[in-house]
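Inspection log for the structure reproduced underneath, given as structure tokens.
Letters go in sequence order (proteins before strands), and every chain restarts at 1.
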There are 2 protein chains.
Amino acid sequence: MSVAKANDKRVQLVNTALQLFYQQGIHAIGINEILAKSGIAKKTLYNHFASKEALIQACVIERDKRFMQWFKARCSNTSSTAEFVEHLFNALHDWINNRETILEKFDGCFFVNTAAEYGDTGSEIYQLCLQHKLNIKQFFQQQLAINISDTKQVNSLTDLLVQLKEGVINCAYVMDDKEAALKAKQLALTFLKH
Amino acid sequence: MSVAKANDKRVQLVNTALQLFYQQGIHAIGINEILAKSGIAKKTLYNHFASKEALIQACVIERDKRFMQWFKARCSNTSSTAEFVEHLFNALHDWINNRETILEKFDGCFFVNTAAEYGDTGSEIYQLCLQHKLNIKQFFQQQLAINISDTKQVNSLTDLLVQLKEGVINCAYVMDDKEAALKAKQLALTFLKH
DNA sequence: GTTATGGTAGACAACTTTGTATACTTACGC
DNA sequence: GCGTAAGTATACAAAGTTGTCTACCATAAC
């Protein structure tokens, strides 16, 4: 069997699990539901993953990969800080309003949701969630540093944007404010002018 | 048996459940763990609550009550917008750094965490989580309206503070940034000056 | 063609979950 | 003092959980 086909089932499992975990929560979804939906046999799952925990880890890693890829595609190659801010919040707005199928139907931040269920900061799963947030922050810093030379200014602007981004996601999710990203964009742009 | 004592066990159950649910997640905690920790018999629990679901609802309501009470105590009676902003983020900072025992050891926003596990927007539990966020927002608006007459300005400042507050909680929780509240305070104060 | 690999199907073990039922105990109000 | 109401302790039912095991099938490599 070719390598591509050998990984076929693994990819299908992660896809299905990610979707179900994100939409309903990890503890709420049993292995059997994932198997039923994907049409894959239980033994195949345990052939690819040592445990449910290992599958969850693979899902978190995959979500980080997809999110970063999408995010970088939407927010790279901007020629000014204002343009970066525009792209950033426009991207969030599209995600929140379900115009980005690659990210699944918007259900808040998968990493926050997952950390809430596997909150022990020592766990591997929490560490992966933390790593994603650090990846996002690092990307912000890199992009801002292109058009701003003062490191201190880059860092404080990064903090602002990170906090607004997190706030937008929470507001859109629990408060059901689907315009949150546009409000944050205006605020950030106003801030930039001063 | 007196009314006070009749409610005694109910209060104990909610206290214990709230603590465990908040720290470890709702699905992760079974009824039996709550009973063991509180030292209360199973029949007593089902005497006070129709189901685990009913107990969860009582916990969300109780958390909202406590949080609003604490929040109002910390952020009321301010004589300027800047003072309100100071009090707001100082309060968050104390919570995040575990100086507010009434709120339990900081583990993010209980309502966001709970919504992540009971994400169906039609569920009673989600509605209670949403209601809490609306209560917070309404309180912000009321406080800001004391010192600002322009309604539009009140609303846009409310949006800013709500988003920053949510962002601070997320950053402090998953990103483990315990200084997030102080950063947000500086940003909000800078914003006010312009 | 044979063999090794990976997949399917599904029974099953061991455990955990919520919720009910039974029998006994405590304590307050009248 | 007695009866009612509430609590304790614990067994148990019913369902669901993860993970293992056996038996069989398909296919690609040699």
Side-chain angles (χ1 to χ4, degrees), chain A residues 1-60 113-114 116-120 123-125, chain B residues 1-60 113-114 116-120 123-125:
Chain A
M1 194 170 274
S2 69
V3 176
K5 229 181 166 190
N7 280 333
D8 216 41
K9 299 287 168 181
R10 190 184 196 278
V11 170
Q12 277 180 62
L13 281 167
V14 171
N15 280 348
T16 309
L18 193 45
Q19 194 183 347
L20 291 174
F21 285 158
Y22 181 40
Q23 270 160 28
Q24 300 189 236
I26 295 176
H27 279 115
I29 292 295
I31 290 291
N32 295 322
E33 267 177 279
I34 297 165
L35 298 175
K37 176 146 192 183
S38 63
I40 290 173
K42 190 175 275 193
K43 212 189 170 190
T44 305
L45 187 153
Y46 284 99
N47 195 15
H48 286 287
F49 301 98
S51 61
K52 186 188 181 183
E53 180 106 356
L55 174 61
I56 298 166
Q57 288 179 21
C59 286
V60 176
N113 296 354
T114 300
E117 289 199 69
Y118 288 83
D120 177 23
S123 75
E124 179 70 23
I125 288 175
Chain B
M1 193 172 275
S2 69
V3 177
K5 233 184 162 187
N7 281 333
D8 216 41
K9 298 288 169 180
R10 191 184 196 279
V11 170
Q12 277 180 59
L13 281 167
V14 170
N15 280 347
T16 309
L18 193 43
Q19 195 184 348
L20 292 173
F21 285 159
Y22 181 40
Q23 269 161 26
Q24 299 188 239
I26 294 176
H27 279 116
I29 292 295
I31 290 291
N32 294 323
E33 266 177 279
I34 297 165
L35 297 175
K37 177 147 192 184
S38 63
I40 289 172
K42 189 174 275 193
K43 212 190 170 190
T44 304
L45 187 153
Y46 283 100
N47 196 15
H48 286 287
F49 300 98
S51 62
K52 185 187 182 184
E53 181 106 356
L55 174 61
I56 299 166
Q57 288 179 20
C59 286
V60 175
N113 296 353
T114 300
E117 289 198 69
Y118 287 83
D120 176 23
S123 74
E124 179 70 23
I125 288 175

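One finds the CG atom of B:Leu45 at 5.5 Å from the CG atom of B:Leu55 (value rounded to the nearest 0.5 Å). Separating the CD atom in A:Gln57 from the OH atom in A:Tyr118 is a distance of 10.0 Å, to the nearest 0.5 Å. For the atom pair A:Thr44 OG1 and A:Asp8 CG, the distance stands at 11.5 Å (nearest 0.5 Å). With rounding to the nearest 0.5 angstrom, the OG1 atom of B:Thr114 is 8.5 Å from the CD1 atom of B:Ile56. If you take CD1 on A:Ile40 and CG on A:Asn47, they are separated by 11.5 Å, rounding to the nearest 0.5 Å.
Between the CG atom of A:Leu55 and the P atom of D:dT17 there is a distance of 15 Å, given to the nearest Å. Taking atom CG on A:Leu35 and atom C1' on D:dT17, their separation rounds to 13 Å, with Å as the unit. For the pair B:Lys9 NZ and C:dT26 P, the computed distance is 14 Å after rounding to whole Å. For the pair B:Ile40 CD1 and D:dA6 C1', the computed distance is 12 Å after rounding to whole Å. A straight line from CG of A:Asp8 to P of D:dA26 spans 18 Å, rounded to a whole angstrom. If you take CZ of A:Phe49 and C1' of C:dG6, they are 15 Å apart, rounded to a whole angstrom. Atom CD1 of A:Ile34 is separated from atom C1' of D:dT18 by 11 Å (rounded to the nearest Å).
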Return all side-chain donor-acceptor pairs below 3.5 angstrom for residues 15-22 of chain A, not counting sequence neighbours, or 'none' if the list is empty.
| residue | atom | partner | partner atom | Å |
| --- | --- | --- | --- | --- |
| A:Asn15 | OD1 | A:Arg66 | NH2 | 2.4 |
| A:Thr16 | OG1 | A:Gln12 | O | 2.9 |
| A:Tyr22 | OH | A:Asp107 | N | 2.7 |
| A:Tyr22 | OH | A:Gly108 | O | 2.6 |

Which atom pairs, donor and acceptor, lie under 3.5 Å between side-chain atoms of residues 26-38 of chain B and protein residues at least two apart or in another chain?
| residue | atom | partner | partner atom | Å |
| --- | --- | --- | --- | --- |
| B:His27 | ND1 | B:Glu117 | OE1 | 2.9 |
| B:Asn32 | OD1 | B:Lys42 | NZ | 3.2 |
| B:Ser38 | OG | B:Ile34 | O | 2.8 |
| B:Ser38 | OG | B:Leu35 | O | 3.4 |

Readout for nucleotides 16-25 of chain C: B = base within 4.0 Å of protein heavy atom, S = sugar-phosphate only, - = neither; 5' to 3' it is --BBB-B---

List, with names and distances, any nitrogen or oxygen atoms from the protein found under 3.5 Å away from nitrogen or oxygen atoms belonging to nucleotides 14-16 of chain D.
none

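OP1 or OP2 of D:dG7 sits under 4.0 Å from a side-chain N or O of B:His48.
Candidate nucleotides C:dG6, D:dA6, D:dT8 were compared by shortest atom distance to the side chain of B:Ala41, and D:dT8 ranks first.
For the side-chain contact (heavy atoms from CB on, under 4.5 Å) test, residues two or more places apart in sequence or in another chain that qualify with A:Ala54 are A:Phe49, A:Ser51.
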